[in-house]
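In each ligand, atom 1 is the first atom listed, and ligand 1 is the first ligand listed.
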Amino acid sequence: MTRDDAIALDQADPLAALRSQFSLPDGLIYLDGNSLGVLPRATAARVQQVVTQEWGEGLIRSWNSAGWIDMPRRLGNKIARLVGVGADELVVADSTSVNLFKVLSAALSMVGADAPGRTRIISERSNFPTDLYIAQALAARQGFELVLAEADELPGLLDARAAVLMLTHVNYRTGRMHDMAALSKAAHEAGALVIWDLAHSAGAVPVDLTRDGADFAVGCGYKYLNGGPGAPAFVWAHPGHAGRFWQPLAGWMGHAAPFEFTPGYRPAEGIARYLCGTPPVLSMAALECGVDTVLAAEPLGGMAALRAKSLALTRMFAAQVATTCPQLRLVSPQDDAQRGSQVCFAHDDIGYPVMQALIARGVIGDFRAPDVLRFGFTPLYVRFVDAWDAAEHLRQVLANGEWQRPEFNQKQAVT
Ligand SMILES: *Cc1c(COP(=O)(O)O)cnc(C)c1O
């Protein structure tokens, strides 16, 4: 494949125009939208409007007049369209970690109420650490045991001791994607509930929580949804479960009537009870701009079209690097059906400095300990020529030993 071939793919790309929604610095190849999505062009003006008009002039009236109070639900309804759930089933709130705490706690209550012998929370050893930490904390408090396994061993652990299967749909480090339908079904056949973390799925791959039999889900606003650093996250509970138990963070925004100011907690019907405190309006305004960049693909084929482009990008990048950098080991699945929207390579010891050298050249990916070079492909704004150029930069950095420079070997706090 030549660079001209890549340019021809961009010229034929039906989604190419979506890139103009973003404010990307000139010359930068950004392959880290799986960690922090790019700034949408609309965001700065929208946040400024919220600050100067809605806050500055509207003041407290804006909770009603500007619809601030409805933002968790309104944004939730937009994200619902991307993950295959109905209106008023999903809300935006808090962080992914906090939402996971809520749904895992609710799921454990549901299971515990039905079956005292079910004592295990089952997850993947390579799940994102915050998910495992939250599970460890809850397991310790509520008398459950966290059992960790490799992906292929998970079905074998689904037995009468299984309470909750808690998984991240697309692995943050390898990009490997679970079969949501098959694992949800296996969990249910064993009598367990299943929680899906969609941090690397929402806005990246088609998700159909309803069709695929999920019980609960959480997801992240600042990755493929382009909501900005620390953007609020989202939470979904199956409508059949949402009203069954309190989630433990019973704040006033989850109350059936917060402005009656009664001393007793009475949970709202449905998913609204998964809200806790006052929504962060400025962050929500930015998140809405980000979600809108993904919804803008709907007339062009939506998530299915984005997925087709993402697979074409990751396939091409993986093939190019395999040819030009044989010393790197592909750690993402080659099978399209098992690969999310990222491509990762391992190389003993030199992963970190190689990535630093790439970043200095304006090719931004990231490094995940112990040895993974991670490249995320957000099809809304990454072009085929970017993938081609990134592969060529990687080849050069490895070939000329640039990564050996001392400044690239100095570890920073955030990798
Ligand atoms: C990014 C990510 C998170 C982030 O959680 P925060 O609470 O936003 O810090 C959680 N889980 C997974 C799987 C992630 O990839």
Steps toward side-chain contact (heavy atoms from CB on, under 4.5 Å) verdict (Phe377, Leu31): CA-CA 6 Å; Phe377 290 82; Leu31 303 179; 3.8 Å; yes
Within the protein, residues bringing a heavy atom under 4.0 Å of ligand 1, chain by chain: Ser95, Thr96, Ser97, Phe128, Thr130, Asp131, Thr168, Asp197, Ala199, His200, Tyr222, Lys223
Any side-chain heavy-atom pair of Val194 and Leu183 under 4.5 Å: no
Can you give the donor-acceptor pairs under 3.5 Å from side chains of residues 136-150 to other protein atoms, not counting sequence neighbours?
{"residue": "Gln142", "atom": "NE2", "partner": "Ser105", "partner atom": "OG", "Å": "3.3"}
{"residue": "Glu150", "atom": "OE2", "partner": "Arg125", "partner atom": "NH1", "Å": "2.6"}

Distance-only donor-acceptor hits, side chain of residues 160-172, under 3.5 Å, sequence neighbours excluded:
{"residue": "Arg161", "atom": "NE", "partner": "Asp159", "partner atom": "OD2", "Å": "3.4"}
{"residue": "Arg161", "atom": "NH2", "partner": "Asp159", "partner atom": "OD2", "Å": "2.7"}
{"residue": "Thr168", "atom": "OG1", "partner": "Asn127", "partner atom": "OD1", "Å": "2.6"}
{"residue": "Thr168", "atom": "OG1", "partner": "Asp131", "partner atom": "OD2", "Å": "3.4"}
{"residue": "His169", "atom": "ND1", "partner": "Ser201", "partner atom": "OG", "Å": "2.8"}
{"residue": "His169", "atom": "NE2", "partner": "His178", "partner atom": "O", "Å": "3.4"}
{"residue": "Asn171", "atom": "OD1", "partner": "Arg173", "partner atom": "N", "Å": "2.8"}
{"residue": "Asn171", "atom": "OD1", "partner": "Thr174", "partner atom": "N", "Å": "3.0"}
{"residue": "Asn171", "atom": "OD1", "partner": "Thr174", "partner atom": "OG1", "Å": "3.4"}
{"residue": "Asn171", "atom": "ND2", "partner": "Ser126", "partner atom": "O", "Å": "3.2"}
{"residue": "Asn171", "atom": "ND2", "partner": "Ser126", "partner atom": "OG", "Å": "3.0"}

Trp196 side chain to Ser184 side chain, donor-acceptor N/O pair below 3.5 angstrom: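 Indeed, the side chains of Trp196 and Ser184 share at least one donor-acceptor pair under 3.5 Å.
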Anything under 3.5 Å between a donor and an acceptor, one on a side chain of residues 275-285, the other on a protein residue two or more places apart or in another chain? List them.
none

